[in-house]
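Below is one structure, written out as structure tokens; the observations come after it.
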Number of protein chains: 2
Amino acid sequence: MPTMSSTPAPLPTPLTIGALARQTGVKIPTIRYYESIGLLPEAPRTGSNRRTYEDGSVRRLRFIRHARELGFEVEAIRQLLSMADDPGQPCREADLLARTHLAEIESRIARLEALRDEVRRMVEGCAQDQVRSCHVIEVLADHAHCLHDSH
Amino acid sequence: MPTMSSTPAPLPTPLTIGALARQTGVKIPTIRYYESIGLLPEAPRTGSNRRTYEDGSVRRLRFIRHARELGFEVEAIRQLLSMADDPGQPCREADLLARTHLAEIESRIARLEALRDEVRRMVEGCAQDQVRSCHVIEVLADHAHCLHDSH
DNA sequence: TCTTGATCCTCCAGTCGCTAGAGGATCTAG
DNA sequence: CTAGATCCTCTAGCGACTGGAGGATCAAGA
């Protein structure tokens with residue numbers, strides 16, 4: 001049982017910004033930054049002007065962090081958050097957002113793979129000799145060595 | 001012999017910054033930016049203070065552009081350029097730089113692929129119904145839905 | 001009670017690699 | 001001679017933070 005003492009009053013001790021940072025892995029200045037751009041609501045303050053948070057903040061910030069890690073831009077996250085705040089809405093928008101994002105990830109992967117092939121070719125041609133005959137420098141100096149025009 | 005008086009000297013008409021931009025595909029403000037950070041040397045000026053370039057500048061700028069397209073950072077390019085300027089040196093450094101870069105590209109690809117899988121799962125789980133049951137929001141709200149911790 | 005060190009606050013500046021705009025000078029073609 | 005293209009410098013902005021200065025406040029130990 002997750003009772004932590006005999007008294008059943010789990011009154012939620014507000015978190016400091018440092019505790020919030022530790023629980024979410026988001027750095028303190030970043031938390032303040034998110035507040036400043038309106039991704040996080042303005043945190044209530046103590047008498048001595050320190051920000052206080054509750055468990056809801058932890059969830060919201062984790063949501064943000066997770067979305068950022070997944071490569072969503074702040075603007076997209078703003079939209080996702082407002083959807084998450086309003087769970088009766090149809091989720092076509094969230095779905096569209098995610099699908100758009102997926103397409104972008106896939107194109108990024110494709111471009112990186114082309115790029116990896118170029119750099120790999122570059123590295124493999126290097127005889128570790130002299131710059132004069134260095135494939136790396138040579139390839140960089142002349143696009144004609146490349147397989148693709150696209151980059 | 002490169003005497004320049006009586007012979008039909010192909011004296012190189014200096015390029016304007018606009019011509020250089022057209023020949024390399026690098027925008028004019030970017031060229032000036034490269035000069036300001038020392039990637040390009042300070043261009044000699046005409047009497048009316050306009051920058052002049054020669055074919056060497058075209059090659060150098062193409063080198064820079066190509067390296068940027070391949071994802072090298074400016075600092076790395078700075079090193080590559082100084083190596084290219086000094087072709088008697090062993091090229092271990094250039095090779096190392098490129099190999100480091102390759103490793104980074106590969107790790108980026110791996111992370112993006114993990115990410116793609118997450119987002120794909122996210123999208124596929126969406127029933128286009130309500131946010132309440134929307135997989136996208138749910139996954140973002142809880143990292144535990146993810147396959148990987150790494151992102 | 002005092003003191004020390006940790007934590008917090010605000011504000012400002014810097015990061016990277018450009019990009020854009022203001023406001024003005026100069027070139028080139030007709 | 002004039003119109004429009006091109007150039008110049010300088011400054012500020014982008015996105016998403018990150019770091020530091022300088023100062024207030026808190027919690028714990030002597």
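Note that the structure is a prediction, hence the values are computed from the model and not measured. Residue numbers begin at 1 in each chain, while the letters A, B, ... track the order of the sequences.
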When you measure from the side chain of [X] to the backbone N and O of [Y], does any donor-acceptor pair fall under 3.5 Å?
X: B/R65; Y: B/V26; value: no
X: A/R62; Y: A/Q23; value: yes
X: B/T100; Y: B/L96; value: yes
X: A/T52; Y: A/P44; value: yes

Q. Can you name the nearest heavy-atom pair linking B/L97 to B/M83, along with the distance?
A. CD2-CE, 3.9 Å
Q.
OP1 or OP2 of D/dA24 versus the side-chain N and O atoms of A/R45: is any pair under 4.0 Å?
A.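 So the side chain of A/R45 is outside the cut-off, no N or O lying under 4.0 Å from OP1 or OP2 of D/dA24.
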Q | Salt bridge A/R59-A/D55, side-chain N to carboxylate O under 4.0 Å | A | no
Q: Give a yes or no on whether a salt bridge exists between A/E35 and A/R32, defined as a side-chain N under 4.0 angstrom from a carboxylate O.
A: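 No.
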Q: Could you pull out all residues at least two apart from B/R116 that satisfy side-chain contact (heavy atoms from CB on, under 4.5 Å)?
A: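 Testing B/R116 for side-chain contact (heavy atoms from CB on, under 4.5 Å), a comparison that skips the adjacent residues, returns A/L102, A/I105, A/E106, A/I109, B/E113, B/R120.
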Q. Taking for each residue the nucleotide of DNA chain C with the nearest heavy atom, is it B/E75 or B/T46 whose nucleotide lies nearer the 5' end?
A.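 Here B/E75 is the residue nearer the 5' end.
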Q) 5'-most contact on DNA chain C: B/S48 or A/S48, nearest heavy atom basis? A) A/S48
Q.
Does anything in residues 22-44 of chain A come within less than 4.0 Å of DNA chain C? Heavy atoms only, and list the residues if so.
A.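 When residues 22-44 of chain A is checked for heavy atoms under 4.0 Å from DNA chain C, the hits, listed by number, are A/I28, A/R32.
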Q. Can you pull the contact range of chain A along DNA chain C, 5' to 3', using atoms under 4.0 angstrom from its heavy atoms?
A.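 Span of nucleotides near chain A: C/dT7 to C/dT10.
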Q: Rounded off to whole Å, could you give me the CG-to-P distance for the B/L20 and D/dT6 pair?
A: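 So the CG-P distance, B/L20 to D/dT6, works out to 15 Å.
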